[in-house]
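Since the structure comes first, as structure tokens, the remarks are kept for the end.
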Number of protein chains: 2
Amino acid sequence: MVTMGDVAKLSGVSKMTVSNVINDRAGVSDEVRRRVLEAIRQSGYRVNLSARTLRSGRTGVIGLAVPEIDRPYFGQLAAHVIAEARGRGFHVAIEQTGAAAAGEIDAISHSYTMQFDGLILSAVGIDPQDSRLTGGGYPIVMLGEQDFAARFDHVAMPNEEGAKAATTHLIDRGCRRIAMVTGDSLDGVNVVTRRHRGYLAGLAERGLDPDPALLFPVSGMTLESGREAAYRLVDSGREVDGVVAVSDTVAQGVFRGLADRGVRVPGDIRLVGYDDIPEAAYMVPSLSTVAPDHRWMAAKAVELVTARIQDPSRPAGEHTAPFELMVRESTR
Amino acid sequence: MVTMGDVAKLSGVSKMTVSNVINDRAGVSDEVRRRVLEAIRQSGYRVNLSARTLRSGRTGVIGLAVPEIDRPYFGQLAAHVIAEARGRGFHVAIEQTGAAAAGEIDAISHSYTMQFDGLILSAVGIDPQDSRLTGGGYPIVMLGEQDFAARFDHVAMPNEEGAKAATTHLIDRGCRRIAMVTGDSLDGVNVVTRRHRGYLAGLAERGLDPDPALLFPVSGMTLESGREAAYRLVDSGREVDGVVAVSDTVAQGVFRGLADRGVRVPGDIRLVGYDDIPEAAYMVPSLSTVAPDHRWMAAKAVELVTARIQDPSRPAGEHTAPFELMVRESTR
DNA sequence: TTGTACGCGTTATCAT
DNA sequence: ATGATAACGCGTACAA
């Protein structure tokens with residue numbers, strides 16, 4: 001392995017000067033810089049990041065913990081975060097939490113062990129009151145929907161606002177019996193409960209009474225659980241003319257489930273999702289959905305975590321992404 | 001920061017003994033081990049991976065370079081690789097190559113710089129003859145379709161076999177004018193050309209003549225390029241009763257494009273994809289497709305790269321995944 | 001079974 | 001503008 005010392009010897013300078021050249025520090029004459037760069041090229045020298053990290057205490061890596069990387073929403077998020085971090089000279093390491101509180105706690109611990117400089121945690125299961133959840137000065141940015149009470153930097157989605165807009169949109173299209181397909185636990189503050197609140201707020205704003213019988217719980221944010229909820233919806237025999245799904249992926253499942261039962265969208269039931277995953281615009285019918293600004297969220301999260309890396313004591317802030325309601329064929 | 005020395009002091013032993021306890025080495029009395037573990041717990045000590053890496057030369061990280069992590073196929077692949085690597089005590093760092101040869105070369109160089117112990121490279125653009133493409137003893141496993149001539153361990157998809165099976169399936173369903181929507185370059189050996197060969201082989205096996213006018217090139221493996229190819233297909237006015245798409249994502253785009261032009265699937269045109277992404281089964285109509293065994297591929301790739309990490313001089317091998325043709329509604 | 005001394009490759013400090 | 005020296009925290013060789 002070629003070390004800095006080898007390069008120094010080759011170009012007839014000290015290790016320190018080589019280091020200065022590599023890190024673009026001032027105080028190196030053009031002539032020496034040229035010689036050193038030439039020696040690096042010739043020798044094929046590469047910086048040893050472990051040594052640098054050992055000395056400097058920084059890895060240049062930001063962790064990104066998501067529930068499952070194979071869900072379109074998180075794949076997109078990851079792509080944006082990677083791009084944004086690269087622009088700031090950071091590398092991104094992806095962790096999977098399995099959408100469980102334990103996995104999320106592990107991710108923090110693991111991030112620390114791996115010596116990531118900071119962590120962006122897309123939290124869905126964790127309880128903000130969890131005693132194991134202590135920043136301890138370690139730069140963590142939360143990306144999710146719990147209420148972290150300013151204990152962490154937090155980038156939130158416009159869950160209530162978005163779900164409310166989706167619901168009033170259905171009503172304005174003529175729907176009166178609007179079901180919601182959403183998570184099975186309506187306790188606490190999370191994606192599921194906040195979108196449910198938005199749904200209720202939407203009904204209220206248009207003077208409709210909520211009907212608890214029109215809530216169809218799913219155990220996970222998956223295609224299959226959406227389909228299965230649609231079966232229950234149809235088989236219940238209840239009159240329904242609109243469905244708000246907690247996410248686009250669930251909406252895709254609901255759509256398939258309705259089709260399996262011979263129910264047409266938007267003819268019999270209008271359907272709206274949340275997330276605006278890329279596939280939404282390409283479904284037939286295309287899916288109306290709430291589109292939070294993903295790039296904005298990724299950029300904000302990276303901005304916050306890098307700022308906190310530089311100054312761990314800065315005050316934490318709460319930030320909510322802008323959104324747009326994408327009206328497409330499924331609510332035509 | 002708590003170091004090994006602190007733990008040693010706290011438990012009244014030497015650093016070496018602490019190291020022995022941590023790495024589960026023999027020659028430590030139960031009593032001492034207990035004391036050390038207690039001290040570790042109390043102090044909150046964590047191994048410093050940089051120091052360990054600097055000393056041992058190993059990071060315990062495997063790089064996974066994919067074109068774009070926000071494409072469902074690669075998201076799934078990543079999820080499987082991460083799970084498999086975890087089982088072998090490795091961590092996975094994801095890189096994005098942008099589906100370009102330059103990005104793939106960069107990924108190798110970057111993987112090396114980041115001191116990953118090995119790299120799984122999902123290559124789509126690289127030329128196996130590229131002079132910059134030299135393993136140099138660094139453990140690289142190729143996951144893609146080029147012909148690497150045993151210079152690298154290589155996990156391949158059953159591209160020709162799969163595309164051929166898809167094509168004969170269309171013919172057996174009664175199709176006679178079968179178009180293919182595929183990449184725009186039919187040079188070299190890659191996903192595009194191999195699936196195209198499979199398509200030709202399928203036609204040949206059933207005694208149909210290929211018609212070059214039924215090739216509709218796309219510039220990328222995206223939803224949008226699939227849609228746009230469908231427009232060209234319909235607008236060309238050519239008679240077509242079946243379409244083989246180069247991937248499921250492209251097939252989704254084709255399906256949407258056909259719908260935009262009022263062409264029904266499978267009524268007017270039967271459609272088959274490749275990959276079996278999760279969404280395929282949930283489309284309406286559900287998408288018939290070739291399902292390579294993704295988990296098998298991920299497991300094999302991780303197995304190969306870990307084996308090569310242990311023994312860099314082992315002979316390289318070529319491995320092709322098994323597949324299954326998923327017959328669904330789009331070819332009903 | 002435990003301890004000592006040194007080296008891994010880099011960077012910070014201080015001196016020249 | 002450049003160089004010498006000492007750390008960073010861990011693991012290995014060898015000594016006790």
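Sequence lines set the chain letters: A, B, ... in the order given, protein chains first and strands last, and positions in each chain run from 1.
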Under 3.5 Å, sequence neighbours excluded: what are the donor-acceptor pairs made by side chains of residues 10-18 of chain B?
| residue | atom | partner | partner atom | Å |
| --- | --- | --- | --- | --- |
| B:S11 | OG | B:V7 | O | 2.7 |
| B:S14 | OG | B:M16 | N | 3.3 |
| B:S14 | OG | B:T17 | N | 3.3 |
| B:S14 | OG | B:T17 | OG1 | 3.4 |

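- Where B:A51 and B:T17 each meet DNA chain C at their nearest nucleotide, the meeting point lying more 5' is that of B:T17.
- Within residues 4-12 of chain B, the residues that have a heavy atom under 4.0 Å from DNA chain D are, in order of number, B:M4.
- Using a 4.0 Å cut-off between charged nitrogen and carboxylate oxygen, A:E38 and A:R41 count as a salt-bridge pair.
- Between B:V92 and B:A85, the shortest heavy-atom distance links the atoms CG2-CB, 3.5 Å.
- Between the side chains of B:E95 and A:H91, at least one donor-acceptor pair of N or O atoms lies under 3.5 Å.
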B:S19 and B:R25: side-chain hydrogen bond (donor to acceptor under 3.5 Å, both in side chains), yes or no, with the steps?
CA-CA 8 Å; B:S19 175; B:R25 282 187 279 254; 2.8 Å; yes
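- For the residue pair B:E145 / B:N159, a side-chain donor-acceptor distance below 3.5 Å is found, with atom types taken as modelled.
- Within residues 20-29 of chain A, the residues approached by DNA chain C to less than 4.0 Å at the level of any non-hydrogen atom are A:N23, A:R25, in residue-number order.
- Partners of B:S29 by side-chain contact (heavy atoms from CB on, under 4.5 Å), not counting sequence neighbours, listed by chain and number: B:E31, B:V32.
- Legend: residues meeting ring-ring contact (aromatic ring centres under 6.0 Å, His included) with A:Y73, ordered by chain and number and at least two apart, are A:H294.
- Contact annotation for B:R55: base contact, defined as any heavy-atom pair under 4.0 Å involving a base atom.
- Recorded end-axis angle for the helix from C:dT1-D:dA16 to C:dT16-D:dA1 stands at 30°, based on five pairs per end and rounded to 10 degrees.
- Going from atom CG of A:L77 over to atom CG of A:L64 covers 5.5 Å, rounded to the nearest 0.5 Å.
- Applying the side-chain contact (heavy atoms from CB on, under 4.5 Å) criterion to B:P278, with sequence neighbours excluded, gives A:L223, B:Q76.
- Taking the side chain as every heavy atom from C-beta outward, A:D130 and A:I105 approach each other to under 4.5 Å.
- With DNA chain C read from its 5' end, the first of the two nearest nucleotides for A:T3 and B:M16 is the one closest to B:M16.
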Worked verdict on B:M142 versus B:I140 for side-chain contact (heavy atoms from CB on, under 4.5 Å)
CA-CA 6 Å; B:M142 293 292 181; B:I140 298 179; 4.0 Å; yes
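- Protein chain B touches strand DNA chain C; the 5'-most and 3'-most nucleotides with an atom under 4.0 angstrom of its non-hydrogen atoms are C:dT1 to C:dG9.
- Side-chain contact annotation: B:Y45 with B:T3, donor-acceptor N/O pair under 3.5 Å absent.
- Taking all atoms of both residues into account, the shortest heavy-atom contact from A:P315 to A:D153 is O-OD1, 4.1 Å.
- A:R46 comes within 4.0 angstrom of sugar-phosphate atoms only, judged by non-hydrogen atoms across all strands, and of no base.
- Checking B:S50 against A:Q115 by side-chain atom types alone, a donor-acceptor pair falls below 3.5 Å.
- Residues meeting the side-chain contact (heavy atoms from CB on, under 4.5 Å) test with B:R33, sequence neighbours left out: B:V21, B:D24, B:V28, B:L37.
- Boundaries of the chain B contact region on DNA chain D are D:dG9 to D:dA13, first to last in 5' to 3' order (nucleotide atom under 4.0 Å from a heavy atom).
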Exercise answer: donor-acceptor pairs, residues 295-307 of chain A side-chain atoms, under 3.5 Å, sequence neighbours excluded:
| residue | atom | partner | partner atom | Å |
| --- | --- | --- | --- | --- |
| A:R295 | NH2 | A:H80 | NE2 | 3.3 |
| A:T306 | OG1 | A:V302 | O | 2.9 |
| A:T306 | OG1 | A:E303 | O | 2.9 |

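- Pairing each heavy atom of A:R58 with each of A:Q310, the nearest pair is NH2-CA, 4.3 Å.
- Within residues 30-44 of chain A, no residue has any heavy atom closer than 4.0 Å to DNA chain C.
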